[in-house]
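FYI, side chains are in, hydrogens and waters are out, and symmetry mates aren't considered; it's all heavy atoms of this structure. Positions are given from 1 along the sequence. From a predicted model like this one, the values you see are computed outputs, not experimental measurements.
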Amino acid sequence: MKGYYEKGDFMLYPQLNKSRLVIKLDGIWNFVLGDGELDEALCTAPFKECEKICVPASYNDQKADIRFRDHCGIAYYQTAFSLPELTGERTVLRFGAVTHNCRVYLNGKEIMSHTGGFLPFECELDNSLLKEENLLTVAVDNRVNSETLPVGNENNCAMFGSGLPDFESVRNTQVKPKNYPNFDFFNYCGIHRSVCIYTTEEKYIKDISVTTEIKGNDASVTVNADLSDGGCAQAVIINAEGTEVARGNCGEALTIKNAELWQPGRAYLYTAKISYKNDSYSQKFGVRSAEVKDGKFLINGKPFYFKGFGKHEDSETNGRGINEALNVKDISLMKMLGANSFRTSHYPYSEEMLNLCDEEGIAVIAETSAVGLNKTGYEKTFDTHKKVIKDMISRDKNHPCIVMWSLANEPDTEAENALDYFKPLYDSAHTSDPQNRPVTVVCCNNDYVRDKVAPAMDVIFGGDLDAAEQAMTAEMEYFKKFNKPLIITEYGADAVSGIHESVPSMFSEEYQEEFYKRINAVLDRYNFVIGEHAWNFADFQTVQGTMRVDGNKKGIFTRDRKPKLAAHYFKRRWKSIPDFEYKK
């Protein structure tokens, strides 16, 4: 898809080069726990009493204090910084992600606010506001409700996994407020990704989009640059070996002769070096196509089979905060098992993880933070949901690793108004993406015959299928009639590491392995099943409740990345299944 596309709030990833400076503000900040009301005094002056906290990271597990773990309401971060002389340049303050809502104050003045916990936001700083020593304060609100993404419970809704029959009586006897998430992962909060200040020239490159088209052995590449004040930018294409292979004006179709393709398992990246007046930016990209055709999912024209996981950004101490060492470890473990893909369940992941997947050749299904949606809340979340989709695609559009967009996880797709809600979002995702990648929704399929949304998507995603072999067969027979590719996701069974039984029984590692064997035997009989994403890559933390003992234990790995028996099973299976042309 070429030409005009709907843009979200775009912003290029901060880049240090000859025309741009990046200064990170990560480190140890001052921190105060608040309550449900914003305290302006804490936002406009240095803290008098405070604790120390690490940025970026969730604040919940950094202290041996239940107040931090179960906090509900507003928390306050503060740091001081100085800048070198930056005359004649734009100075921009950028946050990679703050969960969930926040207000930002510089030297006592509110300069921006943001809603949504998994995408970046920024603002240009007024030089008149900057001082020799600057005070930066961030007020973070971690509360979830029927209007937030992800969704929280309210109005007598039962807490997820609690098993409590009388929610109202519990709420009335609470000593302090509490979040009741409508999602099965812990509500980690705080400044989760890097905070930085970066500079550009006054006349600068605002955004870049790269589209490619495979033409025989060659590739046509169009680099579009959104500029601050018109004019024309130039692009030079460099291959992975550092050799120039094409050049021309942005907006023109450039030809790469004998182009190397990016594909899962064999990553190849080009770099578009864009220059405009005194500004410059280097954008990596891959020559790659992704489409649905004749019931197949095609990457570079070849039927691709998804092998991998749903996973979480979740680790000890960091919580949901960025952990680049763990990202490297996770990709290594995936490759060890022969996996080629994962879904960013249930929110957009860090840009750093996507950059790594570009380099490592891992296919990604990028998902929004729309989890916990139900029919009674559709009218409350639509505008926010549409903006999140646009902003996610705008941020991530140039990543070759992303081959599909997921609009939501397990919404109420049986509701009469479900298709009316999701069809405009589906259309918006397509018009927002200059590469026009396939779009899906992960459906729960408790009653798949009544599902209104799954058949309308490009790819059918079946989710949460804790079913026997016969039930799985019946479900596959139903979906076969739509002549659309299907990926089975979020299928699995809890297994507590170290529990072993001679006869497979629930919660043992043997039971988890046997469950996957039986379900996968069914999947292998159907040509329209084009992938399997086990749930989950690793054990992860959740809200406390009788259904969860120290978190969700459906991981193929433990939370600290020790393999269970199922990991060795998948290694044998996936190493024997090719990435392409698995099912003729």
Side-chain angles (χ1 to χ4, degrees), residues 29-63 65-80 93 95 97-118 121 123 129 134-157 159 167-183 186-192 195 319-321 369 372 377 380-381 383-384 543-544:
W29 291 35
N30 292 331
F31 185 83
V32 174
L33 284 177
D35 53 28
E37 300 296 328
L38 183 71
D39 188 339
E40 288 282 354
L42 286 170
C43 301
T44 56
F47 296 160
K48 294 181 179 179
E49 295 183 7
C50 61
E51 309 213 35
K52 299 298 181 181
I53 211 79
C54 180
V55 171
S58 303
Y59 60 74
N60 307 84
D61 288 351
Q62 291 191 51
K63 300 285 186 176
D65 189 332
I66 196 170
R67 295 180 304 121
F68 285 74
R69 177 68 175 180
D70 294 336
H71 178 252
C72 176
I74 300 174
Y76 302 85
Y77 288 80
Q78 194 172 86
T79 191
L93 174 64
F95 291 81
V98 180
T99 308
H100 296 283
N101 303 321
C102 73
R103 294 185 183 184
V104 180
Y105 297 77
L106 180 62
N107 296 327
K109 180 180 179 181
E110 183 176 352
I111 57 172
M112 62 176 161
S113 61
H114 187 257
T115 298
F118 304 95
F121 58 98
C123 76
L129 187 60
N134 298 282
L135 186 69
L136 178 63
T137 307
V138 184
V140 182
D141 191 340
N142 77 345
R143 288 171 293 185
V144 293
N145 55 47
S146 61
E147 298 181 14
T148 61
L149 295 180
V151 175
N153 282 313
E154 54 191 18
N155 298 329
N156 297 323
C157 294
M159 185 175 72
F167 180 84
E168 187 66 32
S169 64
V170 173
R171 183 168 61 185
N172 291 339
T173 57
Q174 282 180 184
V175 176
K176 58 182 180 180
K178 188 173 183 179
N179 273 312
Y180 290 91
N182 194 35
F183 46 90
F186 192 79
N187 187 36
Y188 280 117
C189 295
I191 301 177
H192 277 153
V195 184
R320 194 139 292 117
S369 52
K380 298 178 181 179
T381 58
D383 290 342
T384 299
V543 66
Q544 293 189 71

Donor-acceptor pair, side chain of [X] and main chain of [Y], under 3.5 angstrom:
X	Y	value
N142	H71	yes
N145	E147	yes
K63	K52	yes
N60	C189	yes
Y59	Y77	no
T79	W29	no
N101	D141	no

Original post:
What do the steps show when you test F121 against C102 for side-chain contact (heavy atoms from CB on, under 4.5 Å), and what is the final call?
Top reply: CA-CA 11 Å; F121 58 98; C102 73; 3.4 Å; yes

Identify the two heavy atoms, one from [X] and one from [Y], that lie closest to each other, and give their separation to 0.1 Å.
X	Y	value
C72	P177	CB-O, 3.5 Å
L33	A75	CD2-CB, 4.3 Å
V140	H100	CG1-N, 4.4 Å
T44	G108	CG2-O, 3.3 Å
T148	T381	O-CG2, 4.4 Å
S146	K380	OG-NZ, 3.3 Å

Side chain proximity check, [X] to [Y], heavy atoms < 4.5 angstrom:
X	Y	value
R103	L38	yes
R143	N179	yes
D61	Y188	yes
L93	L136	yes
L129	N134	no
V32	Q78	no

**OP:** Determine, step by step, whether F68 and E51 satisfy the side-chain contact (heavy atoms from CB on, under 4.5 Å) criterion, reporting the C-alpha distance in whole Å, the side-chain angles of both residues, the deciding distance to 0.1 Å, and the verdict.
**Re:** CA-CA 11 Å; F68 285 74; E51 309 213 35; 3.6 Å; yes

**OP:** Quick one: pull up CG in N187 and CZ in R320 and give me the separation to the nearest 0.5 Å.
**Re:**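 If we round to the nearest 0.5 Å, N187:CG and R320:CZ are 8.0 Å apart.
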
Subject >> Gap between atom CZ of F47 and atom CG of L42 - 0.5 Å precision >> reply: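 Going from the CG atom of L42 to the CZ atom of F47 covers 5.5 Å.
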
**OP:** Run the numbers on F183 and V151 for side-chain contact (heavy atoms from CB on, under 4.5 Å), then give the verdict.
**Re:** CA-CA 7 Å; F183 46 90; V151 175; 5.7 Å; no

Subject >> By ring-ring contact (aromatic ring centres under 6.0 Å, His included) - contacts of H192 (at least two apart) >> reply: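 Checked H192 against ring-ring contact (aromatic ring centres under 6.0 Å, His included); zero matches.
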
Original post:
Is R69 close enough and on-axis enough to F186, meaning under 6.0 Å and within 45°, for cation-pi?
Top reply: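 Yes, R69 lies over the aromatic ring of F186.
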
What pairs of donor and acceptor atoms, side-chain ones from residues 109-117 against any protein atom, are under 3.5 angstrom apart with sequence neighbours left out?
residue : atom : partner : partner atom : Å
H114    : ND1  : G116    : O            : 3.1

